[in-house]
Amino acid sequence: MFIHMKSINKVAVIGAGVIGVGWTTLLLAKGYKVNLYTEKKETLEKALAKVSAYLVNLKNLGMINEEPESYITNLTGITKIDDAIHNVDFVIEAIIEDYTAKKNLFKLLDTQLPQDIIIASSTSGLLMTEIQKAMIRHPERGVIAHPWNPPHLLPLVEIVPGEKTSKETVDLTREFMEKLDRVVVLLRKEVPGFIGNRLAFALFREAVNLVDEGVATVEDIDKVMTAAIGLRWAFMGPFLTYHLGGGEGGIEYFFSKGFGYGANEWMHTLAKWDKFPYTAVKKVLEQMKEYEFIKGKSFQDLSRWRDEKLVTIYKAVYKEKCNS
Ligand SMILES: NC(=O)C1=CN([C@@H]2O[C@H](COP(=O)(O)OP(=O)(O)OC[C@H]3O[C@@H](n4cnc5c(N)ncnc54)[C@H](O)[C@@H]3O)[C@@H](O)[C@H]2O)C=CC1
Ligand SMILES: O=C(O)[C@@H](O)C(=O)[C@H](O)[C@@H](O)CO
């Protein structure tokens, strides 16, 4: 039998990059013990410092009640993977987006871990069915729990089972993610890129195309997103947005006579690339150097600015989940 929700209190996070640090911060903030693993000591030290900084930020933003130090006592940084996964109740993988690396890791974890320990991948779009091919003993415990960056602030987690993932694994992973106050979407069908990234990249492909076509600069395209589309999408998805866009006639009018009907005149002009053309990417990279807002700001400055904005929006949209 698998481990039951009530007994999950220590989690191993494998990978100490952007997402491993975000998962670790979230888990600590929700009262869990965390073993954070990465092989290199210097990478680990940088990651531990980032987790501390993120917890200070969460405290300043009123997202946690206790002093950051009280959460940090539940964190252990480890550079030996056998030690990191010893006596844990759940494992989150957050290593590089590469099938070979993930399959090697899942193979190792599957041979080392007791059969009742779920292994959840953070992958942005790879398929668990493919990763499970490397799991000899218990592939049924492999699942995808795809977070959104930064995981300690954006609530969505997309759960994607592979062909061999058991219903129990899905149910327990969903329960755990809901205990972490995540907004969980369970995909009914395995598809690369899942839902969020497919939507995000369909839009991003057209954004790059508009730069390539010379229609607008990267900064102006971002303004279109933040001054209109993105504002609405913070609390309404595309279907509700266009249902309202259809006026009293709703989504039916939208498609039959409204904007959705009119768009049939020009949808064929959208980019149809299946890879980003190098010439287009080159233009984007050049224009990013001229992006006024980011000039003179470090990654830390921008991350802090992003997190403050995210918390403000989160508190407005998810008021019921916030204690301040
Ligand atoms: N960065 C993002 O916005 C998001 C990323 N993800 C996914 O999360 C996973 C991690 O992404 P990031 O944290 O951005 O990557 P990252 O490159 O920032 O961190 C990767 C971590 O894995 C470690 N690592 C690299 N190769 C390894 C190997 N062969 N074995 C074990 N550890 C290894 C690195 O030391 C580092 O700690 C990826 O699958 C990514 O697609 C998911 C959501 C958002
Ligand atoms: O956008 C996010 O936060 C995530 O959904 C991602 O997966 C990352 O954007 C990136 O890894 C997309 O490939």
Side-chain angles (χ1 to χ4, degrees), residues 12-27 34-51 54 77-85 91-110 112 119-128 130-131 134 142-160 162 177 180 182-185 187 191-205 207-208 222 225 230 233-234 275-276 281 299-300 302-303 306-307 309-310 313-314:
V13 175
I14 310 298
V18 170
I19 293 305
V21 164
W23 273 123
T24 298
T25 304
L26 173 68
L27 288 158
V34 179
N35 287 347
L36 176 59
Y37 163 82
T38 194
E39 195 179 8
K40 295 199 180 98
K41 195 169 182 310
E42 56 275 17
T43 306
L44 184 62
E45 282 166 359
K46 283 183 189 156
L48 295 174
K50 280 186 188 147
V51 171
Y54 283 170
I78 301 176
T79 55
K80 286 188 174 32
I81 195 155
D82 291 356
D83 297 343
I85 62 174
V91 177
I92 291 177
E93 170 271 307
I95 70 168
I96 55 168
E97 187 73 344
D98 171 82
Y99 265 130
T100 304
K102 288 191 188 303
K103 289 169 89 168
N104 287 340
L105 177 64
F106 269 72
K107 181 177 180 182
L108 171 75
L109 296 173
D110 184 43
Q112 305 282 337
I119 314 168
S121 173
S122 304
T123 176
S124 296
L126 303 181
L127 301 183
M128 182 44 67
E130 184 57 34
I131 295 170
V143 68
I144 289 167
H146 172 235
W148 281 70
N149 185 34
H152 58 291
L153 289 175
L154 288 186
L156 178 67
V157 170
E158 293 168 285
I159 293 181
V160 193
M177 291 298 133
L180 291 173
R182 300 304 83 193
V183 173
V184 175
V185 171
L187 272 68
V191 62
F194 316 145
I195 300 171
N197 274 329
R198 290 176 77 94
L199 296 176
F201 272 62
L203 184 142
F204 188 56
R205 176 173 60 183
V208 174
D222 275 5
M225 280 304 299
W233 281 358
K275 287 194 185 337
F276 289 115
V281 171
F299 172 78
Q300 284 70 24
L302 290 168
S303 299
R306 172 201 64 190
D307 292 359
K309 291 287 185 190
L310 280 174
I313 295 167
Y314 181 88

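Model, not experiment: these values are computed from the prediction. Every number for a ligand or one of its atoms is a count from 1 in the order of the listing.
Atom 15 (O) of ligand 1 is not flagged as protein-proximal [any protein heavy atom, distance under 4.0 Å].
The two atoms that bring T24 and V51 nearest to each other are CG2-CG2, 3.9 Å, heavy atoms only. The two residues I19 and A94 make their nearest non-hydrogen contact at CG2-CB, 4.1 Å. When all heavy atoms of L36 and G20 are compared, the pair lying nearest together is CD1-O, 4.2 Å. Annotation for E158 and I195: closest pair OE2-N, 2.8 Å, computed over non-hydrogen atoms. Taking each heavy atom of V160 and M128 in turn, the nearest pair found is O-CB, 4.2 Å. Counting all heavy atoms, side chain and backbone alike, M177 lies closest to A145 at CE-CB, 4.4 Å.
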- Item | Chi angles and distances behind the side-chain contact (heavy atoms from CB on, under 4.5 Å) call for F194, T123 | CA-CA 10 Å; F194 316 145; T123 176; 4.0 Å; yes

- Query: For W233 and L203, what are the C-alpha separation, side-chain angles and deciding distance, and is it a side-chain contact (heavy atoms from CB on, under 4.5 Å)?
  - Reply: CA-CA 13 Å; W233 281 358; L203 184 142; 3.5 Å; yes

- Could you check E45 against K41 for salt bridge (Lys or Arg N to Asp or Glu O under 4.0 Å), going step by step and ending with a plain yes or no? CA-CA 6 Å; E45 282 166 359; K41 195 169 182 310; 2.4 Å; yes

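Residue contacts with ligand 1: E97 is placed with a nitrogen or oxygen under 3.5 Å of a nitrogen or oxygen of the ligand (distance criterion only). Remark: ligand 1 and A16 share an N or O pair separated by less than 3.5 Å (distance only, no angle test).
Remark: side-chain polar atoms of N35 are paired, donor with acceptor, to backbone N or O of A84 under 3.5 angstrom.
Against a heavy-atom cut-off of under 4.0 Å, H146 is close to the following atoms of ligand 1: 42 (C), 43 (C). Against a heavy-atom cut-off of under 4.0 Å, S122 is close to the following atoms of ligand 1: 6 (N), 7 (C), 8 (O), 42 (C). Of all atoms in ligand 1, listed by their number and element, those nearer than 4.0 Å to a heavy atom of A101 are 29 (N). Each of the following atoms of ligand 1 lies closer than 4.0 Å to a heavy atom of A94: 10 (C), 20 (C), 21 (C), 22 (O).
The residue among N197, N149, I14 with a heavy atom at the shortest distance from atom 3 (O) of ligand 1 is N149. Proximity annotation for atom 26 (N) of ligand 1: of T123, L154, I96, I96 comes nearest, heavy atoms only. For atom 38 (C) of ligand 1, the candidate residues are L156, I95, L105; the nearest heavy-atom contact is made by I95.
Under a 4.0 Å heavy-atom criterion, K102 is in contact with ligand 1. No heavy atom of E97 sits closer than 4.0 Å to any atom of ligand 2.
Among protein heavy atoms, atom 8 (C) of ligand 2 sits closest to S124 OG, 4.1 Å. Looking only at heavy atoms of the protein, atom 2 (C) of ligand 2 is closest to W148 CE3, 3.4 Å. Closest to atom 3 (O) of ligand 2, if we only count protein heavy atoms, is N149 N, 2.8 Å. Closest protein heavy atom to atom 41 (O) of ligand 1: S124 OG, 2.6 Å. Scanning the protein heavy atoms around atom 34 (C) of ligand 1, the nearest turns out to be T38 OG1, 4.1 Å. In terms of protein heavy-atom proximity, atom 43 (C) of ligand 1 is nearest to P147 O, 3.2 Å. Counting only heavy atoms of the protein, atom 18 (O) of ligand 1 lies nearest to V18 N, 3.1 Å. Among protein heavy atoms, the minimum distance from atom 4 (C) of ligand 2 is reached at H146 NE2, 3.6 Å. When only non-hydrogen protein atoms are considered, atom 13 (O) of ligand 1 lies nearest to I19 N, 2.8 Å. The protein heavy atom nearest to atom 19 (O) of ligand 1 is G17 CA, 3.3 Å.
Residue-environment remark: NZ (K107) stays at or below the threshold of 12 foreign heavy atoms within 6.0 Å. The number of heavy-atom neighbours closer than 6.0 Å to CD of E97, taken from other residues, nucleotides and ligands shown, is above 12. More than 12 heavy atoms of other residues, nucleotides or ligands sit less than 6.0 Å from atom OH of Y99.
With a 4.0 Å cut-off on non-hydrogen atoms, K40 does not touch ligand 1 at all. Using a 4.0 Å cut-off between heavy atoms, N197 contacts ligand 2 through its side chain alone, with no backbone atom that close.
Ring pair F201/F276 is tilted by interplanar angle, where 30° to 60° counts as tilted.
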